[in-house]
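Single-structure report; data block below.
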Amino acid sequence: MSSKQSPSARVTTASLAQMARERQPITMLTAYDFPTAQALDQAGVDCLLVGDTLAMVVQGHETTLPVTLDQMIYHAEMVGRAAERALVVVDLPFPEGQMSIERSLEAGARVLKETRCQAVKLEGGHEQAARIEAMATAGIPVMAHVGLRPQNVHQDGGYRVQRDTERLVNDAISVQQAGAFAVLIECVPVDAARQITEALDVPTIGIGAGPHVDGQVLVTNDMLGLTAGHLPRFVKQYAQVRETIAEATRQYCDDVRQGRYPESKHSFQ
Ligand code: KIV
């Protein structure tokens with residue numbers, strides 16, 4: 001949010017650029033449903049991402065690959081309805097950003113037309129420049145995603161920190177030149193993220209990329225403590241929602257089994 005903007009003014013691609021210029025850190029979190037998106041938006045997060053991590057943290061798959069465009073749009077509609085201030089970005093799921101440019105244009109157009117969300121995110125660097133240029137020219141704002149690309153998990157043989165700084169910087173410059181309004185950088189060493197941010201005019205948003213970026217993003221389910229099992233080392237947990245749910249459920253079951261619920265105040269006479 002710019003210092004000249006009211007706290008409730010809608011965040012746009014332009015205001016994100018202004019925040020980066022004014023060195024105001026940009027906050028971004030994932031969202032997949034109406035109530036969570038509403039809570040995050042009202043708490044003041046600048047950007048919401050309907051991430052294809054939906055496949056993992058909501059649908060229970062092992063990778064992001066299975067989620068379909070129709071499923072992303074279904075969830076993006078909920079988030080788009082909830083967000084009054086945050087800019088909402090929607091991931092193009094595999095393989096919408098890997099097939100023909102026409103297919104990506106159609107997918108991006110569906111996102112803007114059907115969901116009230118304002119931008120898409122596309123994994124890839126230099127090799128995606130022509131696609132990003134076509135989408136930006138068509139009026140579809142694109143956040144590029146460089147570094148670790150989860151949709152490439154099988155090609156890369158796993159999820160690894162990306163350490164080829166020269167390639168990372170070149171990828172980021174290419175996607176900026178192609179028209180990306182921001183660049184998400186995933187799992188790169190601190191110094192690589194710093195070099196990328198220094199090389200770019202558009203905002204950089206990091207995840208597992210250290211502090212020298214214009215903003216940070218986390219998967220909400222991870223940072224709220226809702227995800228079971230192993231978490232990447234870059235995740236900071238701000239709550240233990242899974243445990244809160246389990247404890248509330250234990251108390252409810254106990255109350256019903258012991259005849260403590262419902263009481264007369266919960267009943268109609
Ligand atoms: O899909 C997603 O949640 C992402 C993360 C890197 C934030 O892209």
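This one's a predicted model, so the numbers in the text were calculated from it and none came from an experiment. As the structure lists them, so they are numbered: ligands from 1, and atoms in each ligand from 1. What you see below is based on every heavy atom in this structure, not just the backbone, and it leaves out hydrogens, waters and symmetry mates.
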Shortest protein contact, atom 3 (O) of ligand 1 (heavy atom only): T53 OG1, 2.5 Å
Side-chain donor-acceptor contact under 3.5 Å, Q38 with E84: no
Ligand 1 N/O within reach of Y32 N/O, cut-off under 3.5 Å: no
Y32 vs V219, side chain to side chain contact (heavy atoms under 4.5 Å, CB included): CA-CA, chis, key distance, verdict: CA-CA 10 Å; Y32 316 99; V219 172; 3.6 Å; yes
Working for salt bridge (Lys or Arg N to Asp or Glu O under 4.0 Å), residues D191 and R194: CA-CA 5 Å; D191 192 57; R194 184 185 57 74; 2.4 Å; yes
Flag, side chain of N221 to backbone of L226, donor-acceptor distance under 3.5 Å: no
Closest to atom 4 (C) of ligand 1 (judged by heavy-atom distance), picking from L49, T30, L218: L49
4.0 Å heavy-atom contact, E123 with ligand 1: no
Atoms in ligand 1 with a heavy atom of G51 nearer than 4.0 Å: 1 (O), 2 (C), 3 (O)
E186 with R149: basic N within carboxylate O range, under 4.0 Å: no
Proximity flag K121 to ligand 1, non-hydrogen atoms under 4.0 Å: yes
Check ion pair K121-D91 (N to O, under 4.0 angstrom): yes
N/O separation below 3.5 Å, E186 to ligand 1: no
Sub-4.0 Å atoms of ligand 1 with respect to non-hydrogen atoms of D91: 1 (O), 2 (C), 8 (O)
Ligand 1-proximal atoms of L54, by part, heavy-atom distance under 4.0 Å: neither
Distance-only polar pair, side chains of S267 and S264, donor-acceptor under 3.5 Å: no
